[in-house]
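All values derive from a computational prediction rather than experimental measurement.
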Amino acid sequence: MQETIVLLSTAIIVSLDSFVAGFSLSLNKKANAVLPVAVALVTLLLCAATSVIGRVLADYLDGYADLFGAAVLFVLAIINLFKKDDDQTYSLRQITLGESVTMGFAVGTDAAVANLSLAMQGLGVVAPIVFAVTHYFTVLVGQKLAGKVVMKNSNYLSAAALFILALAKII
């Protein structure tokens with residue numbers, strides 16, 4: 001049960017950037033299905049790769065998996081704390097496939113790094129799917145709310161939540 005809570009809360013936390021990405025890329029643009037699908041697929045691929053790496057590392061770092069996972073989450077929290085929000089307004093046009101895939105790598109990397117620690121705990125098969133699905137829906141919600149709600153400094157919220165998760169792993 002605790003693993004499920006950690007997985008779901010981590011997926012939601014690392015998906016906050018996807019919400020902001022969907023929101024910011026959709027300002028003054030027509031929302032389309034390409035962006036959430038591209039972000040979800042890139043996230044799935046990145047997380048699948050880190051699942052394999054995490055399982056290999058788990059064999060070598062068996063007794064230290066929780067500490068290693070906490071360290072990864074701390075690093076991710078620090079990165080989120082200091083990165084700039086991407087809340088630019090783009091010109092009125094359709095979101096391109098290239099923009100969608102690039103955004104997928106930008107927000108999927110957070111999920112992949114978080115997935116590394118989860119994969120070391122044996123959640124490597126389920127986690128990539130959960131991360132991809134949460135990224136899909138947060139981008140979609142971000143697109144739907146574009147122009148209606150202004151959200152700034154989401155990186156602070158994301159960083160704080162990741163710090164709390166990291167502390168929970170240590171305790």
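Inter-residue side-chain proximity for V130 and L8 is flagged as met; some heavy-atom pair is nearer than 4.5 Å.
Partner F131 forms a side-chain contact (heavy atoms from CB on, under 4.5 Å) with one of L118, V126, L44, L46 and no other, that one being L118.
Note: the hydrophobic cluster containing L41 also contains V133 (ILVMFWY, side chain heavy atoms under 4.5 Å, direct or indirect links). Clustering ILVMFWY residues whenever any of their side-chain heavy atoms sit less than 4.5 angstrom apart, transitively, puts F105 in the very cluster that holds V34. No chain of hydrophobic side-chain contacts below 4.5 Å, direct or via other Ile, Leu, Val, Met, Phe, Trp or Tyr residues, connects V39 to L140.
Taking every heavy atom of both residues into account, A112 and T50 meet most closely at O-OG1, 3.1 Å. Residues N115 and A127 approach most closely at OD1-CB, 3.0 Å, considering heavy atoms.
The distance from atom OG1 of T43 to atom CD1 of I129, rounded to the nearest 0.5 Å, is 13.0 Å. Note: T10 OG1 to I5 CD1 = 11.0 Å, rounded to the nearest 0.5 Å. To the nearest 0.5 angstrom, F137 atom CZ is 12.5 Å from I12 atom CD1.
Partners of S18 by side chain to side chain donor-acceptor pair (under 3.5 Å), not counting sequence neighbours, listed by chain and number: H135.
Counting only distance, with no hydrogens or angles, the side chain of T138 and the backbone of S15 share a donor-acceptor pair below 3.5 Å.
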